[in-house]
Amino acid sequence: MIKGKRLGYVLSWIGIATMMGYSQEKASEYVAPSEAVPRGKAPKVQVQLLNPGEPTKRYAVIFSQGDEAFSGLLEFAEKYNVTSAHFTAIGALNGATLGWFDPKRKMYKKIPIEGQHEVIGMSGDIALYQGKPVVHTHMVVGSPDGTTRAGHVLGAYVSPTLEVMVTVDPISMQKRFDPETDLTLSDPVLK
(Lines give C-alpha, C1' and ligand atoms only; values in the text may rest on other atoms or scores of the structure.)
Protein backbone atom coordinates (compact mmCIF):
# COMPACT_ATOMS: atom_id res chain seq x y z
CA MET A 1 0.00 0.00 0.00
CA ILE A 2 2.78 2.42 0.94
CA LYS A 3 4.75 1.45 -2.19
CA GLY A 4 1.62 2.14 -4.26
CA LYS A 5 1.26 5.65 -2.76
CA ARG A 6 4.97 6.37 -3.35
CA LEU A 7 4.65 5.20 -6.93
CA GLY A 8 1.61 7.47 -7.32
CA TYR A 9 3.59 10.45 -5.95
CA VAL A 10 6.56 9.69 -8.20
CA LEU A 11 4.33 9.41 -11.27
CA SER A 12 2.58 12.66 -10.30
CA TRP A 13 5.93 14.46 -9.99
CA ILE A 14 7.09 13.06 -13.32
CA GLY A 15 3.87 14.31 -14.91
CA ILE A 16 4.27 17.77 -13.36
CA ALA A 17 7.94 17.96 -14.37
CA THR A 18 7.08 16.86 -17.90
CA MET A 19 4.33 19.46 -18.17
CA MET A 20 6.62 22.16 -16.76
CA GLY A 21 9.31 21.21 -19.24
CA TYR A 22 6.76 21.28 -22.06
CA SER A 23 5.41 24.68 -21.04
CA GLN A 24 8.94 26.09 -20.68
CA GLU A 25 9.80 24.71 -24.11
CA LYS A 26 6.68 26.31 -25.58
CA ALA A 27 7.36 29.58 -23.75
CA SER A 28 10.88 29.69 -25.16
CA GLU A 29 9.37 29.56 -28.65
CA TYR A 30 8.09 33.09 -28.02
CA VAL A 31 9.72 36.35 -27.02
CA ALA A 32 8.02 39.49 -25.71
CA PRO A 33 8.54 42.67 -27.76
CA SER A 34 10.35 44.28 -24.82
CA GLU A 35 12.83 41.36 -24.82
CA ALA A 36 13.37 41.38 -28.61
CA VAL A 37 16.45 43.57 -28.42
CA PRO A 38 19.89 43.23 -29.99
CA ARG A 39 22.30 41.02 -28.05
CA GLY A 40 25.30 40.44 -30.33
CA LYS A 41 28.20 42.54 -31.51
CA ALA A 42 29.39 43.83 -34.86
CA PRO A 43 33.09 44.60 -34.39
CA LYS A 44 33.93 44.51 -38.11
CA VAL A 45 31.19 46.86 -39.37
CA GLN A 46 32.35 49.62 -41.69
CA VAL A 47 30.44 52.84 -42.42
CA GLN A 48 30.81 55.25 -45.31
CA LEU A 49 28.87 58.50 -45.80
CA LEU A 50 27.87 58.52 -49.46
CA ASN A 51 26.74 62.15 -49.86
CA PRO A 52 28.63 64.58 -47.56
CA GLY A 53 27.05 67.98 -47.00
CA GLU A 54 23.47 66.96 -47.83
CA PRO A 55 20.64 67.41 -45.29
CA THR A 56 19.38 63.88 -46.04
CA LYS A 57 22.38 61.64 -45.45
CA ARG A 58 22.97 58.29 -47.14
CA TYR A 59 25.30 55.72 -45.59
CA ALA A 60 26.66 52.36 -46.65
CA VAL A 61 26.83 50.20 -43.52
CA ILE A 62 28.78 47.06 -44.41
CA PHE A 63 28.86 44.05 -42.08
CA SER A 64 31.45 41.26 -42.24
CA GLN A 65 31.73 37.60 -41.28
CA GLY A 66 30.36 36.94 -37.79
CA ASP A 67 28.87 40.41 -37.17
CA GLU A 68 25.39 40.43 -35.65
CA ALA A 69 23.46 42.83 -37.91
CA PHE A 70 20.59 43.90 -35.61
CA SER A 71 23.02 44.96 -32.86
CA GLY A 72 25.28 46.61 -35.40
CA LEU A 73 22.45 48.73 -36.80
CA LEU A 74 21.61 49.92 -33.30
CA GLU A 75 25.28 50.73 -32.62
CA PHE A 76 25.41 52.65 -35.93
CA ALA A 77 22.28 54.65 -34.98
CA GLU A 78 23.72 55.54 -31.58
CA LYS A 79 27.19 56.47 -32.88
CA TYR A 80 25.91 58.65 -35.75
CA ASN A 81 23.00 60.19 -33.78
CA VAL A 82 20.37 58.78 -36.13
CA THR A 83 16.89 59.92 -35.07
CA SER A 84 14.98 58.89 -38.21
CA ALA A 85 16.03 56.61 -41.05
CA HIS A 86 14.99 53.84 -43.37
CA PHE A 87 17.15 51.15 -44.93
CA THR A 88 17.38 48.18 -47.27
CA ALA A 89 19.94 45.39 -47.41
CA ILE A 90 21.17 42.33 -49.27
CA GLY A 91 23.83 39.80 -48.39
CA ALA A 92 24.10 36.46 -46.65
CA LEU A 93 23.81 34.94 -43.19
CA ASN A 94 24.87 31.87 -41.32
CA GLY A 95 22.09 31.62 -38.76
CA ALA A 96 19.35 33.97 -37.67
CA THR A 97 16.27 34.19 -35.53
CA LEU A 98 13.27 35.80 -37.13
CA GLY A 99 9.90 36.35 -35.52
CA TRP A 100 6.21 36.33 -36.37
CA PHE A 101 4.07 38.60 -34.18
CA ASP A 102 1.19 36.77 -32.53
CA PRO A 103 -1.36 39.45 -31.59
CA LYS A 104 -3.23 37.14 -29.19
CA ARG A 105 -0.09 36.45 -27.14
CA LYS A 106 1.44 39.91 -27.77
CA MET A 107 4.69 38.08 -28.45
CA TYR A 108 6.96 37.10 -31.34
CA LYS A 109 6.99 33.42 -32.26
CA LYS A 110 10.64 32.60 -32.97
CA ILE A 111 11.55 31.32 -36.42
CA PRO A 112 15.04 29.78 -36.20
CA ILE A 113 17.11 29.95 -39.38
CA GLU A 114 20.04 27.53 -39.32
CA GLY A 115 22.93 27.39 -41.73
CA GLN A 116 23.88 29.51 -44.72
CA HIS A 117 21.10 31.62 -46.31
CA GLU A 118 20.95 34.46 -48.81
CA VAL A 119 19.34 37.69 -47.63
CA ILE A 120 16.85 38.25 -50.44
CA GLY A 121 15.74 41.50 -48.89
CA MET A 122 15.87 43.34 -45.59
CA SER A 123 14.11 46.60 -44.87
CA GLY A 124 13.37 48.63 -41.81
CA ASP A 125 13.48 51.91 -40.00
CA ILE A 126 15.16 53.68 -37.13
CA ALA A 127 13.27 56.08 -34.88
CA LEU A 128 13.42 57.41 -31.32
CA TYR A 129 11.68 55.83 -28.36
CA GLN A 130 12.11 57.59 -25.02
CA GLY A 131 14.98 59.59 -26.50
CA LYS A 132 16.99 56.61 -27.77
CA PRO A 133 17.18 55.11 -31.25
CA VAL A 134 15.38 51.82 -31.89
CA VAL A 135 15.70 49.61 -34.96
CA HIS A 136 12.74 47.82 -36.53
CA THR A 137 13.57 45.46 -39.39
CA HIS A 138 12.17 42.53 -41.34
CA MET A 139 13.94 40.20 -43.76
CA VAL A 140 13.37 37.46 -46.30
CA VAL A 141 16.03 34.76 -46.53
CA GLY A 142 16.53 32.12 -49.21
CA SER A 143 17.58 28.52 -48.57
CA PRO A 144 19.90 26.50 -50.82
CA ASP A 145 16.83 24.95 -52.48
CA GLY A 146 15.32 28.37 -53.25
CA THR A 147 12.61 28.30 -50.59
CA THR A 148 12.21 31.42 -48.47
CA ARG A 149 11.47 32.26 -44.85
CA ALA A 150 10.69 35.68 -43.51
CA GLY A 151 9.88 37.69 -40.43
CA HIS A 152 10.83 40.36 -37.91
CA VAL A 153 14.59 40.25 -37.25
CA LEU A 154 15.51 39.18 -33.71
CA GLY A 155 19.11 38.27 -34.56
CA ALA A 156 21.10 37.77 -37.77
CA TYR A 157 24.71 36.54 -38.06
CA VAL A 158 26.45 37.76 -41.20
CA SER A 159 28.37 35.37 -43.50
CA PRO A 160 30.24 36.65 -45.49
CA THR A 161 28.72 40.15 -45.88
CA LEU A 162 25.58 42.23 -45.45
CA GLU A 163 25.33 45.53 -47.32
CA VAL A 164 22.88 47.96 -45.71
CA MET A 165 22.01 51.22 -47.47
CA VAL A 166 20.68 53.69 -44.89
CA THR A 167 18.94 56.98 -45.64
CA VAL A 168 18.94 59.31 -42.61
CA ASP A 169 16.18 61.89 -42.64
CA PRO A 170 16.68 65.46 -41.34
CA ILE A 171 13.54 65.34 -39.11
CA SER A 172 13.26 63.00 -36.10
CA MET A 173 10.65 60.25 -36.04
CA GLN A 174 9.22 59.15 -32.69
CA LYS A 175 7.74 55.90 -31.50
CA ARG A 176 5.19 55.38 -28.77
CA PHE A 177 4.25 52.39 -26.66
CA ASP A 178 0.95 50.79 -27.70
CA PRO A 179 -0.58 48.97 -24.71
CA GLU A 180 -2.99 47.01 -26.93
CA THR A 181 -0.11 45.21 -28.66
CA ASP A 182 2.85 45.81 -26.29
CA LEU A 183 4.76 47.16 -29.32
CA THR A 184 6.49 50.48 -29.91
CA LEU A 185 4.88 51.97 -33.01
CA SER A 186 5.87 54.93 -35.17
CA ASP A 187 3.84 58.02 -34.35
CA PRO A 188 4.26 60.93 -36.79
CA VAL A 189 2.31 63.23 -34.44
CA LEU A 190 4.86 62.98 -31.61
CA LYS A 191 7.61 65.60 -31.63
Using the ring pair (Phe, Tyr, Trp, His ring centres under 6.0 Å) rule, collect all pairs that involve residues 82-102, keeping only residues at least two apart or in two chains.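 For residues 82-102, and leaving out neighbouring residues, the ring pair (Phe, Tyr, Trp, His ring centres under 6.0 Å) pairs sorted by first residue read Phe101-Tyr108.
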So do [Y] and [X] actually touch side chain to side chain, heavy atoms under 4.5 Å?
X	Y	result
Glu54	Pro170	no
Ser84	Val168	no
Glu68	Lys41	no
Tyr157	Leu93	no
Val166	Phe76	yes

Are [X] and [Y] joined in one hydrophobic group, where the rule is that I, L, V, M, F, W and Y side chains link up if heavy atoms are under 4.5 Å apart?
X	Y	result
Val164	Val140	no
Leu154	Val135	no
Leu98	Met107	no
Tyr59	Val45	yes
Met122	Val47	yes

Closest non-hydrogen atom pair, Pro133 against Val82: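 Looking at all heavy atoms of both residues, the shortest contact is CB-O, 3.7 Å.
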Ala69 and Leu162: which non-hydrogen atoms are nearest, and at how many Å?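 Smallest heavy-atom distance, with atoms named: CB-CD2, 3.5 Å.
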Who clusters with Leu50? Use side-chain heavy atoms, under 4.5 angstrom, across I, L, V, M, F, W and Y, and order the result by chain and number. Ile62, Met165
With a cutoff of under 4.5 Å between side-chain heavy atoms, which Ile, Leu, Val, Met, Phe, Trp and Tyr residues group with Phe177?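 So far as hydrophobic clustering goes, Phe177 is joined with Tyr129, Val134.
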Distance (rounded to the nearest 0.5 Å) between [X] [atom1] and [Y] [atom2]:
X	Y	atom1	atom2	answer
Lys44	Thr161	NZ	OG1	11.0 Å
Leu128	Ser186	CG	OG	10.5 Å
Glu180	Lys106	CD	NZ	7.5 Å
Arg105	Glu29	CZ	CD	8.0 Å
Leu73	His136	CG	NE2	13.0 Å
Gln130	Arg176	CD	CZ	13.5 Å

Return yes if some donor-acceptor pair links the side-chain N/O of [X] with the main-chain N/O of [Y] below 3.5 Å, else return no.
X	Y	answer
Asp102	Lys104	yes
Asp67	Val158	no
Asp187	Val189	yes

Which of these, Ile126, Thr184, Leu183, sits in a side chain to side chain contact (heavy atoms under 4.5 Å, CB included) with Lys175? Thr184
Evaluate whether atom CD of Gln65 has more than 12 neighbouring non-hydrogen atoms of other residues, nucleotides or ligands under 6.0 angstrom away. yes
Show, in sequence, the C-alpha distance, side-chain angles and deciding distance for His152 and Thr137, and conclude whether the side chain to side chain donor-acceptor pair (under 3.5 Å) test is met. CA-CA 6 Å; His152 177 90; Thr137 183; over 6 Å; no
